[in-house]
Amino acid sequence: MHHFRYTADSLHCENVELAAVAQLYGTPTYVYSATTIADHYARLKQSLDGLDVEICYATKANSNLAVLRLLSGLGAGFDFVSGGEIRRALAAGADIQKSVFAGVGKTEAEIKLALENGMYALHVESEPELARINHVAGKLGVKAPIAVRINPDVDAQTHAKVTTGRSDNKFGIPIKHAAAAYEACSKFKNIRIRGVQMHIGSQITETGPFVDAVQRIVPLAAELKAKYGIEYLSIGGGLGIVYREALASGSQAWWDAQPAAKRPLTPEAYGAALTPLLQPLGLKILVEPGRFLVGNAGALLARVEYLKRGLTKNFLILDAAMNDLVRPAMYESYHEIVPLQRDTTRRALVADIVGPVCESSDCFAKDRQLQELGEGEFVAILSAGAYGFSMASRYNARLLPAEVMVRGGAFELVNARESFERVIEGEKIPTFLV
Ligand SMILES: *Cc1c(COP(=O)(O)O)cnc(C)c1O
């Protein structure tokens with residue numbers, strides 16, 4: 001569910017007409033619905049009601065300061081994967097004492113930053129990393145709270161590039177080595193064992209893989225509680241969202257009309273499947289959703305530059321490109337694309353919807369049907385709130401897009417479009433070329 005819908009054939013985010021946002025701030029521009037994010041947070045929290053649960057938002061999905069501030073205000077902790085993300089949360093005024101720090105390559109400086117700011121726990125992925133955390137903690141004169149990331153070896157049934165819980169990828173420690181890994185932790189003087197963690201992948205659209213993974217980790221968590229007195233189990237993130245019928249899925253009626261067997265994952269189904277498995281542990285449960293909280297809460301607004309009619313194909317060329325939203329190029333992912341001004345009297349157009357970047361993979365949609373559109377009209381690429389701006393680049397010397405947040409009838413720029421001057425600020429011509 002989300003708050004993007006047509007009112008009088010004009011696409012709105014909450015009570016804001018998106019054409020007005022596009023006119024005022026130009027395009028490409030990301031728009032985020034604060035109410036959608038808040039609703040998703042509340043629903044997930046509610047669906048895990050029977051547990052002592054902490055939601056740690058996976059910052060990498062969207063690390064705009066306004067998004068972090070909003071979630072922090074709702075009571076969320078954070079799941080970080082870099083020092084940059086930790087600094088963003090601090091800059092947003094968030095308290096990170098409910099937050100965790102994951103990632104396979106933590107540097108000394110990042111570990112120091114985490115420990116100095118009272119991070120709830122560091123999620124450890126290897127023995128050399130553990131030794132480094134112990135060393136940094138020793139220098140600071142603190143005990144570093146940790147959990148080991150365990151790889152439960154389940155297939156999340158998702159895209160190969162976003163699966164993380166298989167024994168053949170770089171994340172975590174195989175579950176059969178878990179006992180030895182904790183034994184190793186217990187020998188380090190400056191390490192405090194606080195929990196256990198897992199994360200099996202992203203965009204998971206059924207409860208099965210989560211149930212499998214939880215069933216595998218629960219006996220281990222119980223053992224670690226008995227042996228080391230751990231206080232929490234983090235079950236990671238990965239809850240999938242609707243991409244294909246994104247617009248329609250904004251209404252409850254759409255969800256009610258889905259046959260039970262085809263209904264996409266809901267937080268209620270997730271909670272109902274996992275709560276009974278987790279409750280008997282008597283541990284605090286951390287959940288680390290990224291995409292679920294922000295994915296359907298964001299859209300990328302773009303302007304049509306040209307309609308190019310080819311011999312065998314039409315191309316609708318936008319001013320947004322793969323550098324702004326890389327998911328279609330990187331994961332072949334589907335995004336619904338709709339006009340900001342709907343006109344049902346127009347003829348249909350079938351076209352590849354592309355950006356101006358010089359790569360064939362700079363294509364948002366192939367052979368997509370939508371109403372005929374021409375130069376200067378606007379479209380919205382839906383479900384772009386997660387892994388959109390946070391993965392954006394400057395390829396082709398393009399400027400990073402603007403970001404806007406909406407709540408109710410209010411909207412504000414929360415990140416100005418990058419200026420060319422700022423981009424080249426740190427560059428210089430070497431003296432030997434002058
Ligand atoms: C990326 C990531 C998440 C969030 O994944 P989503 O699919 O966006 O929910 C959670 N935990 C860890 C450790 C991650 O790396």
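Atoms considered below: every heavy atom in the structure, side chains included; atoms not considered: hydrogens, waters and symmetry mates. When a residue number appears, it is its place in the shown sequence, counting from 1. Order of listing sets the numbers, starting from 1, for every ligand and every atom in it.
- For the pair I200/P209, a side-chain contact is recorded, criterion being any heavy-atom separation below 4.5 Å from C-beta on.
- Nearest non-hydrogen protein atom to atom 2 (C) of ligand 1 is K60 NZ, 2.3 Å.
- Considering backbone and side-chain N/O of A58, none are found under 3.5 Å from N/O of ligand 1.
- Counted by atom type alone, E359 and Y395 present one or more donor-acceptor pairs between their side chains at under 3.5 Å.
- Ranking the protein heavy atoms by distance from atom 8 (O) of ligand 1 puts Y387 OH, 2.5 Å first.
- Under the 4.0 angstrom criterion for non-hydrogen atoms, P289 is in contact with ligand 1.
- Looking at M1 and R43, their side chains come closer than 4.5 Å, going by heavy atoms from C-beta outward.
- S202 and R291 are linked by a side-chain donor-acceptor pair at a separation below 3.5 angstrom, with hydrogens and angles left out of the test.
- The G290 neighbourhood of ligand 1 comprises atoms 4 (C), 6 (P), 8 (O), 9 (O), with distances under 4.0 Å to a heavy atom of that residue.
- Residue R149 places a heavy atom less than 4.0 Å from ligand 1.
- Residue-level proximity to ligand 1 for F292 is absent, since no heavy atom of it falls below 4.0 angstrom.
- Among residues at least two apart or in separate chains, ring-ring contact (aromatic ring centres under 6.0 Å, His included) pairs with a member in residues 26-82 are H40-F292, F78-F80.
- Classified by interplanar angle (parallel below 30°, tilted 30° to 60°, perpendicular above 60°), the ring pair Y120/Y232 is tilted.
- Of the protein's non-hydrogen atoms, the one nearest atom 13 (C) of ligand 1 is E288 OE1, 3.5 Å.
- Contacts between D79 and ligand 1 below 4.0 angstrom, taking non-hydrogen atoms only, involve the side chain exclusively.
- Contacts with ligand 1 closer than 4.0 Å are made by heavy atoms of both the backbone and the side chain of R291.
- A61 does not count as a contact of ligand 1, since none of its heavy atoms falls under 4.0 Å from the ligand.
- The cationic group of K227 does not satisfy the cation-pi geometry with Y182, failing either the under 6.0 Å distance to the six-membered ring centre or the 45° limit from the ring axis.
- No option in H2, H3, E14 other than E14 meets the side chain to side chain donor-acceptor pair (under 3.5 Å) test with T35.
- Set against the non-hydrogen atoms of S202, the atoms of ligand 1 under 4.0 Å away are 6 (P), 7 (O), 8 (O).
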